[in-house]
Amino acid sequence: MQNQNKIVNKKQVDVAEQLRKAVALLGPKWKDKEITFNVSLDEKYFYGDEELLFQVWVNLIDNAIKYSGDNCKIDIFVKRLNDKSVAVSISDNGIGIEEKKL
């Protein structure tokens, strides 16, 4: 994501819609673990590579599911920071990442 300025396939991307699709795509994984989602997905757009961004959301949500126990909750929030920036937060109550691996 740090190299967005080098990506040539940029267009306006509906971040909230992509996150909804990623959650739906991973449905079998989170339904098996009875995970619930707490979401606040204001309609926010970002100018970037649609496919790359979708893969980022799938990877982050998949990791949140993978490292959460059964009957847990995953929070997903989208908020506009300014005209050019959108903040996306995906958090869980899983085991976390060791400090040295961060």
Side-chain angles (χ1 to χ4, degrees):
M1 294 306 300
Q2 294 172 343
N3 294 319
Q4 279 283 319
N5 59 343
K6 297 178 185 175
I7 296 171
V8 294
N9 295 324
K10 288 184 179 182
K11 66 181 199 176
Q12 191 173 24
V13 178
D14 183 338
V15 175
E17 181 62 22
Q18 280 201 329
L19 287 162
R20 284 196 264 310
K21 287 180 180 179
V23 169
L25 176 72
L26 296 167
K29 291 184 177 186
W30 57 263
K31 286 178 184 175
D32 286 346
K33 294 179 86 171
E34 298 182 12
I35 292 173
T36 58
F37 286 83
N38 178 34
V39 295
S40 176
L41 302 177
D42 292 338
E43 300 303 318
K44 304 296 181 206
Y45 292 88
F46 180 79
Y47 192 69
D49 186 292
E50 185 173 27
E51 290 180 32
L52 178 61
L53 284 171
F54 184 70
Q55 190 60 50
V56 168
W57 310 140
V58 169
N59 288 344
L60 290 172
I61 295 168
D62 186 49
N63 282 339
I65 294 166
K66 189 183 309 181
Y67 296 108
S68 291
D70 293 349
N71 300 306
C72 288
K73 178 180 74 168
I74 295 173
D75 299 313
I76 303 176
F77 297 99
V78 177
K79 150 179 148 175
R80 173 145 318 274
L81 298 178
N82 57 47
D83 289 343
K84 295 183 181 183
S85 300
V86 173
V88 177
S89 171
I90 301 171
S91 59
D92 62 70
N93 297 310
I95 60 175
I97 301 171
E98 295 177 33
E99 187 68 30
K100 66 181 181 181
K101 290 186 178 180
L102 282 175

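Bear in mind the structure is a predicted one, so any value in this text is a computation, not a measurement.
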Does any part of the side chain of W30, heavy atoms only, come nearer than 4.5 Å to the side chain of T36, both counted from C-beta? no
For a quick test of reading the model, state the closest non-hydrogen atom pair linking S68 to D92 and the distance between them. OG-CB, 3.4 Å
Do V78 and V58 land in one hydrophobic cluster if side-chain heavy atoms of ILVMFWY residues count as linked below 4.5 Å? yes
Do I74 and V56 belong to the same hydrophobic cluster, where Ile, Leu, Val, Met, Phe, Trp and Tyr are linked whenever their side-chain heavy atoms lie under 4.5 Å apart, directly or via other members? yes
So which of K11, K10, Q12, Q55 actually passes side chain to side chain donor-acceptor pair (under 3.5 Å) with E50? K11
Give a yes or no on whether K73 atom NZ has more than 12 heavy-atom contacts from other residues, nucleotides or ligands under 6.0 Å away. no
Heavy-atom closest pair (A22 atom, F54 atom, distance to 0.1 Å) is N-CE1, 3.6 Å
Within a reach of under 6.0 Å around CD of E51, are more than 12 heavy atoms found that belong to other residues, nucleotides or ligands? no
What is the minimum heavy-atom distance between V13 and D49, and which atoms define it? CG2-C, 4.5 Å
Kindly determine whether I61 and L25 satisfy side-chain contact (heavy atoms from CB on, under 4.5 Å), including the steps that lead there. CA-CA 10 Å; I61 295 168; L25 176 72; over 6 Å; no
Check: Q18/D14 side-chain N/O donor and acceptor closer than 3.5 Å: no
Nearest 0.5 Å please: distance from the CG atom of N71 over to the CG atom of N93. 12.5 Å
Same cluster (ILVMFWY, side-chain, under 4.5 Å), V39 and L53: yes
Taking every non-hydrogen atom, the tightest pair across A64 and I90: CB-CG2, 4.4 Å
From W57 atom CH2 to D62 atom CG, the distance as rounded to the nearest 0.5 Å: 15.0 Å
In this structure, OG of S89 is separated from CG of L60 (nearest 0.5 Å) by 10.0 Å
NZ (K66) with more than 12 external heavy atoms under 6.0 Å: yes
So, does K29 use its side chain to make a donor-acceptor pair with the main chain of I65 at under 3.5 Å? no
CZ (F37) with more than 12 external heavy atoms under 6.0 Å: yes
